[in-house]
Protein chains: 2
Amino acid sequence: MPDSNVTLEHVARLAGVSKVTVSKVLNNTGRISEDTRKRVLEAARQLGYVANTAARSLRGRPTQILGMVIPELISPYFAEVARAAADAASRQGYDLALFTTSRDPKRERERVGALLGGLADGLIIVVPIGAAGFLADLERSRAPVVLINHFGASTHLPVVRADSFQGSLAAVEHLLSLGHRRIGFVTGAAHSSQAAERYRAYQACMVAAGLWDEALVRPGDFTQRRGFEAGLELLSLPDPPTAIFAASDLTAFGVIDAARAKGLRVPEDLSVVGFDDIPAAAHAHPSLTSVAHPIQAMAQAAVDLFLKARAGQTVRDTLIEFPSRLVVRASSGPAPRRWP
Amino acid sequence: MPDSNVTLEHVARLAGVSKVTVSKVLNNTGRISEDTRKRVLEAARQLGYVANTAARSLRGRPTQILGMVIPELISPYFAEVARAAADAASRQGYDLALFTTSRDPKRERERVGALLGGLADGLIIVVPIGAAGFLADLERSRAPVVLINHFGASTHLPVVRADSFQGSLAAVEHLLSLGHRRIGFVTGAAHSSQAAERYRAYQACMVAAGLWDEALVRPGDFTQRRGFEAGLELLSLPDPPTAIFAASDLTAFGVIDAARAKGLRVPEDLSVVGFDDIPAAAHAHPSLTSVAHPIQAMAQAAVDLFLKARAGQTVRDTLIEFPSRLVVRASSGPAPRRWP
DNA sequence: AGAGTTTGAGTTAACGATAACTCAAAATTT
DNA sequence: AAATTTTGAGTTATCGTTAACTCAAACTCT
């Protein structure tokens, strides 16, 4: 309402026709004489008319806006997902409206309701998200909703996610094949299902290799700061690791900082592997070995699922899982020989 | 329209009242008996009713959504601005809907129109943005719009911006006071007005000190990769700089990488100063001396201006300029003595 | 007890856009 | 020239919500 002022009525008056005629001209529907069409278009241009989206939406027309909810804006991973989704949506003529997850589950539910109630044509939700009962509501509403990286409570909503287990396994095996035996791990945030997967793979691999040592695991939270601290802790152990696998790239950068602070060279004295393959991983020096999610493909798949749902096709229970992939760069190398 | 299905009508039927009564209950307007109120609330809860935002907006009610347009999502600077704005908006009961600038100015104009036409109650635009005629349209529409970091064509729209000149001046003077005489500069992206300000300050300061040398300036684009390349170029000069001022923190990180690649220590052999004071600046090792914009205060000011405009107060021609501030950390130190 | 007041609903109309329908005038056919 | 079709508009009704109004029943006062 603020002051979108100019309505069909105004344009109609200026062009000397009825407002329905204006609507027809602007939507290319119905029969309109060339003369009238010109007059109307000119009037619309002159007044700077832009259709009121609320009215249009109320009448059942799509807004061409795709909503997306992500936990936060700062993390490069989510930023990349958002950007990829915005690109994919844009290619299909949609604008992506980005929201961050609300801390208050009740407000979150209302907001999602508000979005689907005329503001957006659909929603892509990157979990973690609150209550599961909320997901049931969404299912019931039959609105076009797609979840990304959902691992938790079962739902019939379509899900796109990346398998972090295989990639993490590959990372640890890569380090083992380089001759490392003491391999440290810095975990991700406590309640992240992605973080849990990464840890599970590390543990499985180390146990299988008979190298498991709980002292080599330090809690992290995906941040660089914690990576630095955890790195210092690990490198101060009596029998320190020669390689460290971190649950995120930022954490890995923190570990590298810690190594430098200890006077160690990467990768000569310490190999470091991260997770996420954020852009900085390739540009950093040394470049960072990391596990990559195919973010572009995931975002594209999510947008495609949204379009399918919107077109009336059923996407119930669809699960698209992408593999993660180890990208070997300069931060990982052969294990140093301790006693030459 | 997707399927927000449940309308006032449905709730009304279930509660055995008219839909207006339901509206009154949910909006706490009019006189309603305690008994009816309870029945209605229960019915609404049971059906999971959420008001249709489009209809509400059409009727003149605010959507409680504040739109924000930023050039891109990946840059930590914009991500911080968006986060700060989301926080500030949230404190006032608004949700922030984030959009990235469209490459197509025509589509951009339409989208902004669509946003103000019922989707959002106002808009915060972080320039760069397209055509200036477009800004004139916005002015005319009298919609609550606030610009952040606008330096270009004159407008009567309220503007919040940070002065980058003073902070850049302080950065160069800081390096001069540490004894540096050869101070390099890596510019920001070509068409950014912020980048121009930073360069202007560097130039002014160096000319004033009689130390100007065009060879010490290398073009950048705010990225780490270009920082690395430009850093290598500068450090390969016959008479290389002992300090480098970079137009962004990412660029500064690239410069530090370049120094390391050349076997130089920071800050012992090379001092580096960045711009933006992104979170990583404080966490990196060495921590990065950088020029900071008061992003939180800027975002808060922008949201406040929006609220003022929305409340009907005039904000025409308001310009709020914040100072930038030099944050001295570990990456800058005394100039090395070249010939002991 | 009659007049006025309060209570707790319901009715109507409007926001702006558009699908479905109507209808006179012009163009075409027979 | 009469009958039919086509053209180019305009009318009406509707989406879901809510402000403004209406109105009967219950309650209060003298």
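Quick note on labels: first sequence line is chain A, next is B, and so on, each numbered from 1.
- In this structure, the side chains of Ile320(A) and Leu305(A) come closer than 4.5 Å at one or more pairs of heavy atoms.
- Pairs passing the salt bridge (Lys or Arg N to Asp or Glu O under 4.0 Å) check and including a residue from residues 145-163 of chain A, sequence neighbours excluded, read Arg161(A)-Glu321(A).
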Under the salt bridge (Lys or Arg N to Asp or Glu O under 4.0 Å) rule, what do Glu80(B) and Arg83(B) come out as? Steps first, then yes or no, please. CA-CA 5 Å; Glu80(B) 280 292 336; Arg83(B) 186 179 62 150; 3.3 Å; yes
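- Applying the side-chain hydrogen bond (donor to acceptor under 3.5 Å, both in side chains) test to Thr155(B) and every residue at least two apart in sequence or in another chain returns Glu139(B).
- Overall bending of the helix from dA1(C)-dT30(D) to dT30(C)-dA1(D), expressed as the angle between end axes built from five pairs apiece, is 40° (10° steps).
- Between Tyr94(A) and Phe306(A), a ring centre-to-centre spacing shorter than 6.0 Å is recorded.
- Using a 4.5 Å heavy-atom threshold, the side chains of Lys19(B) and Arg13(B) count as separate.
- Screening Val22(A), Val25(A), Ile32(A) for a side chain to side chain contact (heavy atoms under 4.5 Å, CB included) involving Val17(A) leaves a single residue, Val22(A).
- Between the side chain of Gln64(B) and the main chain of Gly93(B), a donor-acceptor pair closer than 3.5 Å is present.
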Using nucleotides 15-20 of chain D, report all nitrogen or oxygen pairs with the protein that are shorter than 3.5 Å.
residue : atom : partner  : partner atom : Å
dG16(D) : N2   : Ala55(B) : O            : 3.4
dT17(D) : OP1  : Tyr49(B) : OH           : 2.4
dT17(D) : OP1  : Asn52(B) : N            : 3.1
dT17(D) : OP2  : Leu8(B)  : N            : 2.6
dT17(D) : O2   : Arg59(B) : NE           : 3.4
dT18(D) : OP1  : Arg56(B) : NE           : 2.7
dT18(D) : OP1  : Arg56(B) : NH2          : 3.3
dT18(D) : OP2  : Ser23(B) : OG           : 3.1
dT18(D) : OP2  : Asn27(B) : ND2          : 3.1
dT18(D) : O2   : Arg59(B) : NE           : 3.1
dT18(D) : O2   : Arg59(B) : NH2          : 3.1
dA19(D) : OP1  : Arg61(B) : NE           : 3.2
dA19(D) : OP1  : Arg61(B) : NH2          : 3.4

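- Near-neighbour residues of DNA chain C inside residues 37-46 of chain A, defined by a heavy atom below 4.0 Å, are absent.
- With Asn27(B) contributing its side chain and Thr29(B) its backbone, the two residues share no donor-acceptor pair below 3.5 Å.
- Protein chain B touches strand DNA chain C; the 5'-most and 3'-most nucleotides with an atom under 4.0 angstrom of its non-hydrogen atoms are dT7(C) to dG16(C).
- When each of Arg31(A) and Val17(A) is assigned the nucleotide of DNA chain D bearing its nearest heavy atom, the one mapping closer to the 5' terminus is Arg31(A).
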